[in-house]
K.L.:
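If you scroll down you'll find the structure; I have some questions about it.
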Amino acid sequence: MENPAHRRVIAAIRAIPSGQVAGYGEVARRAGLPGRARMVARLLADNDDPGLPWHRVVRADGRIAFPAGSDLYLEQCRRLRAEDVQVEAGRVRGMRPSPSLDEHLWGDPG
DNA sequence: ACTGTGACAGCTG
DNA sequence: ACAGCTGCCACAG
């Protein structure tokens, strides 16, 4: 069964262009459902559509959501690399952790 | 209604 | 960058 909110999330995931990634919370936000990151995760877990680019959804810090070494982890890693996405230590390059208070106040000294 | 769990996020040390 | 804690939402028992 599918709710209107579910369709939004699925659409948001399908909207992620190849070679790019988005966080769970990001997807939820784009779907007009701020704070529903867990919902995105649940939908993906329940998802059956092989055409859905689920591999483009990662954690907010760019890390793969699966435990390192697991089948799904390896699969996602493989798919991302197939799209020329730099993946290192289970983490996607280009994503950066949320700015800490220090960096936010003082700025990045570089 | 309460509790436990999970493909999460944000802040703090 | 890493670990710990808290807040959050949805679902199953």
K.L.:
Determine the Euclidean distance between corresponding P atoms of B:dA7 and C:dG7; express it in Å to zero decimal places.
P.N.:
22 Å
K.L.:
Treating A:Q76 as the side-chain partner and A:V57 as the backbone partner, does any N or O pair qualify as donor plus acceptor under 3.5 Å?
P.N.:
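Judged by distance alone, yes, a pair lies under 3.5 Å.
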K.L.:
To the nearest 0.5 angstrom, please state how far the CD atom of A:Q86 sits from the CZ atom of A:R91.
P.N.:
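So the CD of A:Q86 and the CZ of A:R91 are separated by 12.5 Å.
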K.L.:
Where do A:A60 and A:M95 come nearest, in terms of heavy atoms and distance?
P.N.:
O-CE, 3.5 Å
K.L.:
Could you pull out the closest heavy-atom pair between A:A37 and A:A28, with the gap in Å?
P.N.:
N-CB, 4.0 Å
K.L.:
For A:R78, is there an ion pair with A:E75 - N to carboxylate O distance below 4.0 angstrom?
P.N.:
yes
K.L.:
Just wondering, are more than 12 heavy atoms of other shown residues or ligands nearer than 6.0 Å to CZ in A:R8?
P.N.:
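It does not: A:R8 CZ has 12 such atoms or fewer within range.
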K.L.:
Starting at atom CG of A:D61, determine the distance to atom P of B:dA7, rounded to an integer number of angstrom.
P.N.:
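Computing the A:D61:CG to B:dA7:P distance gives 16 Å.
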K.L.:
Would you give a per-nucleotide map of nucleotides 2-13 of chain C, 5' to 3', where B means the base has a protein non-hydrogen atom under 4.0 Å away, S means only the sugar-phosphate does, and - means neither?
P.N.:
S-----BBSS--
K.L.:
With pairs taken as Watson-Crick or G-U wobble and both distances under 3.5 angstrom, which stems of at least three consecutive pairs involve DNA chain C?
P.N.:
B:2-6 with C:9-13, B:8-13 with C:2-7
K.L.:
Can you pull out the residues from residues 48-56 of chain A that lie within a 4.0 Å heavy-atom distance of DNA chain B?
P.N.:
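Only A:W54 qualify.
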K.L.:
Looking only at heavy atoms, what is the nearest atom pair of A:Y73 and A:I64, with distance?
P.N.:
CD1-CG2, 3.6 Å
K.L.:
Nearest heavy-atom pair of A:S18 and A:E83: which atoms, and what distance?
P.N.:
OG-CD, 3.4 Å
K.L.:
Is there a donor-acceptor contact under 3.5 Å from the side chain of A:R56 to the main chain of A:I16?
P.N.:
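Yes; judged by distance alone, with no hydrogens or angles, the pair exists.
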K.L.:
Say whether, by atom type as modelled, one donor and one acceptor occur between the side chain of A:D49 and the main chain of A:G51 under 3.5 angstrom.
P.N.:
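Yes.
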